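Scroll down for the structure; my scribbles are underneath it.
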2 protein chains.
Amino acid sequence: MTGSRMTEKTAGIRDVAAHAGVSQTTVSHVLNATPHTRVSEDTAARVRAAAEELGYRPNRFARGLRTHASDMIGLVTEEIATTPHAGRIILGAQEEASRRNLTLAIINSELNPDPEVDSAQVQAFLDRQADGIIYATVYHDEIVAPENLRSRPAVLIGARDASGSIPAVMPDERAGAAAVVEMLVAKGHRRIGFAASVEDVPATRGRLLGYQQAMQAAGLPNDDLVAFGSADARGGYAATLELLDREPTAVFCYNDRMAMGAYRAAGERGLVIPADLSVVGFDDQAPIPDSLFPTLTTVTLPHYEMGAWAVSTLASLLHGKDEEALLAAHPTVLACPLLERESVAPPRSAALL
Amino acid sequence: MTGSRMTEKTAGIRDVAAHAGVSQTTVSHVLNATPHTRVSEDTAARVRAAAEELGYRPNRFARGLRTHASDMIGLVTEEIATTPHAGRIILGAQEEASRRNLTLAIINSELNPDPEVDSAQVQAFLDRQADGIIYATVYHDEIVAPENLRSRPAVLIGARDASGSIPAVMPDERAGAAAVVEMLVAKGHRRIGFAASVEDVPATRGRLLGYQQAMQAAGLPNDDLVAFGSADARGGYAATLELLDREPTAVFCYNDRMAMGAYRAAGERGLVIPADLSVVGFDDQAPIPDSLFPTLTTVTLPHYEMGAWAVSTLASLLHGKDEEALLAAHPTVLACPLLERESVAPPRSAALL
DNA sequence: CTGAAAGCGCTTACAG
DNA sequence: CTGAAAGCGCTTACAG
């Protein structure tokens, strides 16, 4: 088994050159399509044929040694494990990297409030010759990026750098929440409760703000329609129970887990969703929305898109497109689309009209 | 911004040698702790001090060019996105890689029944000089591994290679399911229903087999206690409804999503979990178990462990430990531990005794 | 215990 | 349009 692997001496550029009857220089020019270099189509064809025939694969080490480029970018993610959405960030980054012929390497970092500690992970990528680094965090408005992140092109996902000098991307939580309220209002709801999270993170603030602004814009009072709970099913259950005493026709939950609690609360009160009560979540956290009865209308986060954005932005930076300062000045904000499923209907009162 | 990055000429081994007053050879020996090479402690200390002071970081390209090793391993995963557990496989692999000073690069591959198509992903890693490759699939008993996987050390996660020549690891679904039945029996249950999945995948077969074997071993009839449904909440709902007509005291579901449906079905029939009916899931798929009322007792899959196993096994293979044939002969099977939460109680009948 | 020197496989001025 | 040659920064026999 192992034996069959040992002796496969792979062809080098020298072999290709010999086989095509040209110099290594020419082979290199043809295969890399070096700009400002003319090679006769005839010669080029011979080179390509030889490379093909010999199964030539350029040695990355040798190339890197000359060009100082690895075509590898490093992704440092806070807590791959515990954040349910990291997978989609990774997927977006990975697929965009493949499209651009870049290798994506990943390192997990512990969740911690002070990202300066993460410089070890960044260093690991610097040591490994990563061309650029993506630093993905969850739940931070602003972070102090590890100092060594500045020694290579870098972009941030999910947080803005305190110094404002690193391009960053984040979801537009506020607009996503506002869109939910607008949709509910359009369906005729006026008493729309919000089951808010007690956590003090950007998502909490952004979603609450979006709710409040949209309610105000619609001329709807909402002071008594916000209840707080922990950001899980139990918290959603408790907050919804509290809200239900104030007779809302719809409950918008901070996230899908809280929405699970809202379903439970509605069930206990004998309320049928969506006939008696509309419920909306946020996060589109698999497998919740499709597993609920009825399926949950919710808002999806642009994790895939943020991952892809990070890679393509980094790629531009690597190619010297000097938009870095521009990009860094204002974080890029990506939309959170509303996903309508079955948990929303017009309120009973509207049906009476 | 960009400017501050440009001119940092990093120290090379030559600089360290000059600074320490020794040759490059000696620096290399000291820093790499080359076996069978004596260097006086005095000299070694000077070298280390110089390296430290200059912030010396060996150039990976140059080293790789000589040693033919990248210290990078590639992970090809089928559908990072849609499989909920891929994240934990990646995490396990990543953390084990970090422990061993290896870089983990990942490539996503489309979910497809014929993994031969994935040779492009494998090729990408070969081209990038990966030392070894982990090929992770979901839901396959046996696959035909891409031919080019054999050109480097490789291991499989979640499937056995048809030729039996590549080491593989998979979860012990059967034992995990059997443990559930045993636990239920120990609590006094005798009529234990199984809400099975209609999918024809190893997990389906393994879990059903484990259920049947354990029931038989306990001397419990079970022919009428199996109902089939799709592997989601709707399927679990339908299967449980069917099962409920046969008056089980416990329903064991193929997975946690089906268990969500079982909760719904129990609720509709006015059954309180666990007092009137015990429910058990499988997968420990976040955030379901903790989001249910009551929390769900379930079985967890060793995804993290499989990822870590893959990396450490690959590392042994890379270091020439010739256990490959041994390992490849029989897939390694990892346990699926039972996680007891709140959804199981002794049956009412037992309470009467 | 230490070092001089070759060479890994490319890219890239430079020359023609 | 094409090629000879230097050199990227290491490791590793080999010699002393």
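Every chain is numbered from 1 and lettered A, B, ... according to where its sequence line falls, protein lines coming before strand lines. Here the structure is a predicted model, which means the values were calculated and not measured.
Using N1 to N3 plus N6-O4 or O6-N4 for Watson-Crick, or N1-O2 and O6-N3 for G-U wobble, each under 3.5 Å, D/dA13 pairs with nothing. Pair assignment for C/dA4: none, as no Watson-Crick or G-U wobble contacts are both less than 3.5 Å.
Under 4.0 Å is where a charged nitrogen must lie from a carboxylate oxygen, and between B/R100 and B/E96 at least one such pair does. By the 4.0 Å N-to-carboxylate-O rule, B/D71 lies close enough to B/R60 to be salt-bridged with it.
When each of C/dG3, D/dC10, C/dT2 is scored by its nearest atom to the side-chain atoms of B/A62, the top-ranked nucleotide is D/dC10. Here C/dT11 is the nucleotide among C/dG9, C/dT11, D/dC10 with the atom lying nearest to any side-chain atom of A/N32. For A/R66, counting side-chain heavy atoms from C-beta on, the closest listed nucleotide (D/dC10, C/dT12, D/dG9) is C/dT12. For A/R14, the listed nucleotide lying nearest its side chain is C/dC8; candidates were C/dC10, C/dC8, D/dC10.
Nucleic acid contact class of A/S40 (heavy atoms, under 4.0 Å, all strands): sugar-phosphate only. Using a 4.0 Å heavy-atom cutoff across all strands shown, B/T34 reaches no nucleic acid atom at all. Here A/T67 lies in heavy-atom contact (under 4.0 Å) with sugar-phosphate atoms only.
Atom pair B/N59:CG and C/dG9:C1' shows a separation of 14 Å (rounding to whole Å applied). Distance A/L31 CG to D/dT2 C1': 16 Å, rounded to the nearest Å. Taking atom CD1 of B/I13 as the reference point, atom P of D/dC8 lies 14 Å away to the nearest angstrom. In this structure, B/R60 atom CZ and C/dC10 atom C1' are separated by 20 Å, rounded to whole Å. Rounded to a whole Å, the CG atom of A/L65 is 12 Å from the P atom of D/dT11. Whole-Å rounding puts the A/R57 CZ to C/dC10 P distance at 13 Å. Between the NE2 atom of B/H68 and the P atom of D/dG9 there is a distance of 19 Å, rounded to whole Å. Between the P atom of C/dT12 and the CZ atom of A/R63 lies a distance of 9 Å, rounded to the nearest Å.
Between B/S23 and C/dT2 there is no side-chain N or O to OP1 or OP2 distance below 4.0 Å. The side chain of B/T26 places no N or O atom within less than 4.0 Å of a non-bridging phosphate oxygen (OP1 or OP2) of C/dT2.
Evaluated for a side chain to side chain contact (heavy atoms under 4.5 Å, CB included) with B/L156, the options B/I134, B/T137, B/L149 yield exactly one hit, B/L149.
Checked against salt bridge (charged side-chain N to carboxylate O under 4.0 Å, His left out), A/E53 has no partners two or more places apart in sequence or in another chain.
For the residue pair A/N148 and A/S119, the shortest heavy atom distance occurs at ND2-O, 2.9 Å. Heavy-atom minimum distance, A/E95 versus B/N108: OE2-ND2, 3.3 Å.
If you check distances only, the side chain of A/T25 does reach the base of C/dT12 with a donor-acceptor pair under 3.5 Å.
Along DNA chain D, the nucleotide nearest A/E41 and the nucleotide nearest B/H29 are compared for position; the residue whose nucleotide lies closer to the 5' end is A/E41.
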